[in-house]
**Q** 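This is the structure, below, for whatever I ask next.
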Amino acid sequence: MHKLEIPSRILLVVHTLVILMGYVTFLQTNHQLISPLIPASVILKIATPSIIASIPPGLLLPVSLCFFFYQKRAISISISSVAIISYFVLLEYYLT
């Protein structure tokens, strides 16, 4: 087993969880804030940052998986790390 395989696998799992976390946050916000007092546009405005922050990691996951399966573990680690960091940076940017 290559020495970078385990960190690469861990980062791919975290990468996938970050993507799912954005989508689940969006869906949870939409379902829990249903109220006649809160307009739908406000609910969408509150939930949108999480879905926007999940788009770049979602686009980078297939690329990272391709490099992982073609035995390019260092590149896969780099792409997954950038994707995870980009999620939190974008989320912080859209929430402020």
Side-chain angles (χ1 to χ4, degrees):
M1 185 176 342
H2 196 267
K3 65 180 180 178
L4 292 177
E5 186 169 350
I6 293 175
S8 182
R9 287 179 184 221
I10 291 171
L11 277 173
L12 284 171
V13 168
V14 172
H15 188 162
T16 306
L17 291 175
V18 162
I19 295 167
L20 291 175
M21 185 171 59
Y23 294 130
V24 167
T25 302
F26 178 78
L27 293 174
Q28 259 186 332
T29 305
N30 274 341
H31 289 306
Q32 288 184 353
L33 288 180
I34 295 175
S35 169
L37 301 175
I38 303 173
S41 62
V42 172
I43 295 171
L44 190 61
K45 190 173 182 178
I46 292 170
T48 301
S50 64
I51 200 83
I52 290 174
S54 292
I55 292 172
L59 294 174
L60 289 174
L61 183 62
V63 176
S64 185
L65 284 172
C66 285
F67 282 114
F68 177 78
F69 289 125
Y70 285 114
Q71 308 297 323
K72 306 289 185 189
R73 307 281 194 242
I75 297 172
S76 176
I77 288 173
S78 300
I79 292 172
S80 289
S81 299
V82 166
I84 294 167
I85 292 169
S86 73
Y87 172 78
F88 290 108
V89 168
L90 284 173
L91 191 62
E92 186 67 28
Y93 173 75
Y94 282 111
L95 290 179
T96 57

**Q** Enumerate, atom names and distances included, each donor-acceptor pair closer than 3.5 Å involving a side-chain atom of residues 80-96, sequence neighbours excluded.
**A**
| residue | atom | partner | partner atom | Å |
| --- | --- | --- | --- | --- |
| S80 | OG | H15 | ND1 | 3.2 |
| S80 | OG | S64 | OG | 2.8 |
| S80 | OG | S76 | O | 3.3 |
| S81 | OG | I77 | O | 2.8 |
| S86 | OG | V82 | O | 3.3 |
| S86 | OG | A83 | O | 2.8 |
| T96 | OG1 | E92 | O | 3.1 |
| T96 | OG1 | Y93 | O | 3.3 |

**Q** For a quick test of your reading: what N or O donor-acceptor pairs under 3.5 Å do the side chains of residues 18-33 make, sequence neighbours left out?
**A**
| residue | atom | partner | partner atom | Å |
| --- | --- | --- | --- | --- |
| T25 | OG1 | M21 | O | 2.6 |
| T29 | OG1 | T25 | O | 2.7 |

**Q** Would you give the length of the straight line joining atom CZ of R73 to atom CG of L11, rounded to the nearest 0.5 angstrom?
**A** 12.5 Å

**Q** Looking at every non-hydrogen atom in both residues, tell me the closest pair between P57 and A53 and how far apart they are.
**A**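 Where P57 meets A53 most closely, the heavy atoms are CD-O, 3.2 Å.
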
**Q** Output the rest of the hydrophobic cluster of V63: all Ile, Leu, Val, Met, Phe, Trp and Tyr residues reachable through side-chain heavy-atom contacts under 4.5 Å, sorted by chain and number.
**A**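 For the cluster that includes V63, the remaining residues are L60, F67, I75, I79.
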
**Q** Identify each donor-acceptor pair in which a side-chain atom of residues 37-48 lies under 3.5 Å from a protein atom, sequence neighbours left out, and give them as a table.
**A**
| residue | atom | partner | partner atom | Å |
| --- | --- | --- | --- | --- |
| T48 | OG1 | L44 | O | 2.4 |

**Q** Tell me who clusters with I55, hydrophobic residues only, linked when side chains sit under 4.5 Å apart either directly or through other members.
**A** L59

**Q** What residues, two or more places apart in sequence or in another chain, satisfy side-chain hydrogen bond (donor to acceptor under 3.5 Å, both in side chains) together with S54?
**A**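 Not a single residue meets the side-chain hydrogen bond (donor to acceptor under 3.5 Å, both in side chains) criterion with S54.
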
